[in-house]
Visitor: 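Dropping a structure here in structure tokens format, bear with me for questions.
Whatever order the structure lists ligands and atoms in, that order sets their numbers, starting from 1. None of the values given here were measured: they were computed from a predicted structure. Residue numbers run from 1 in the order of the sequence given.
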Amino acid sequence: MGDTIFGKIIRREIPAEIVYENDDVVGFRDLNPQAPVHVLFIPKKPLPTLNDAQPGDAELLGKLLLAVADYAKQEGFAEQGYRAVVNCNEHGGQTVFHLHVHLLAGRRLGWPPG
Ligand code: DGP
């Protein structure tokens, strides 16, 4: 499985503003933020896309979403709200092939997306 820039962030080989970490998940600020809060949550196990997740990854996927909610509560914007997004492949706009959840918060977000 190919390594990506996110693998390098997990291993601290390149700098990133890491704001959340547990045994399975790392959260760090997006380089190109689309909202006042824009954090990427990634599993330490590098699945390229959501399509690559297997039934055995169900617990890990749950942990990924729980990390997002945990961070939102910790930072105090859970009640006001936020968006958690997974982009998959070309039409989803995925550019880094290490599964990640975008957490966007801090402003009212439009819907539907463009
Ligand atoms: P996506 O398009 O869903 O694959 O999102 C990839 C995001 O990753 C994009 O919003 C920009 C961000 N990104 C790309 N390279 C880096 C990097 O080196 N550091 C950080 N912090 N974010 C990055």
Visitor: Around atom 14 (C) of ligand 1, find the nearest protein heavy atom and jot down its residue, atom name and distance.
Guide: V96 CG2, 4.1 Å
Visitor: So is H102 touching ligand 1 or not, going by heavy atoms under 4.0 Å?
Guide: yes
Visitor: With atoms numbered from 1 as shown, which atoms in ligand 1 lie under 4.0 angstrom from a non-hydrogen atom of L40?
Guide: 7 (C), 8 (O), 12 (C)
Visitor: Between H100 and F6, is the ring centroid distance below 6.0 Å?
Guide: yes
Visitor: Among all protein heavy atoms, pick out the one at the shortest distance from atom 22 (N) of ligand 1; state its residue, atom name and that distance to 0.1 Å.
Guide: L31 N, 3.2 Å
Visitor: Determine, for E13 against K8, whether the closest basic-nitrogen to carboxylate-oxygen distance falls under 4.0 angstrom.
Guide: no
Visitor: Check for me whether the distance between the ring centres of F28 and F41 falls short of 6.0 Å.
Guide: no
Visitor: If you count the atoms of ligand 1 from 1 in the order shown, which ones are under 4.0 Å from a heavy atom of I9?
Guide: 19 (N)
Visitor: Would you mind running through ligand 1 and noting each atom that sits below 4.0 Å from a heavy atom of T95?
Guide: 1 (P), 2 (O), 4 (O), 5 (O), 6 (C)
Visitor: How close do V101 and A84 get, heavy atom to heavy atom, and via which atoms?
Guide: CG1-CB, 3.8 Å
Visitor: Non-hydrogen atoms of K8 versus ligand 1: any pair closer than 4.0 Å?
Guide: no
Visitor: Just by modelled atom types, is the G56 backbone N or O under 3.5 Å from a matching donor or acceptor in the Q54 side chain?
Guide: no
Visitor: Return yes when atom CZ of R108 has more than 12 non-hydrogen atoms of other residues, nucleotides or ligands closer than 6.0 Å, and no otherwise.
Guide: no
Visitor: I'd like to check which ligand 1 atoms, numbered from 1 as shown, lie under 4.0 Å from a non-hydrogen atom of N87.
Guide: 1 (P), 2 (O), 3 (O)
Visitor: Please report the closest heavy-atom contact between N32 and H38, naming both atoms and the distance.
Guide: O-ND1, 4.0 Å
Visitor: Within the 4.0 Å heavy-atom shell around D30, which atoms of ligand 1 are there?
Guide: 7 (C), 8 (O), 9 (C), 10 (O), 11 (C), 12 (C)
Visitor: Applying the 4.5 Å side-chain criterion to the ILVMFWY set and letting contacts propagate, would Y20 and Y82 be lumped into a single cluster?
Guide: yes
Visitor: Distance under 4.0 Å to a non-hydrogen atom of G93: what atoms of ligand 1 satisfy this?
Guide: 1 (P), 2 (O)
Visitor: What protein heavy atom lies closest to atom 1 (P) of ligand 1? Include the residue and the distance to one decimal.
Guide: H100 NE2, 3.1 Å
Visitor: For K45 and L60, indicate whether the former's side chain and the latter's backbone hold a donor-acceptor pair under 3.5 Å.
Guide: no
Visitor: With a cut-off of 4.0 Å, which atoms of ligand 1 are near a heavy atom of I5?
Guide: 18 (O)
Visitor: Provide, to 0.1 Å, the distance between atom 21 (N) of ligand 1 and the closest protein heavy atom, together with that atom's residue and name.
Guide: R29 O, 2.8 Å
Visitor: Could you check whether any heavy atom of F6 sits closer than 4.0 Å to an atom of ligand 1, since that is the contact criterion I want to use?
Guide: yes
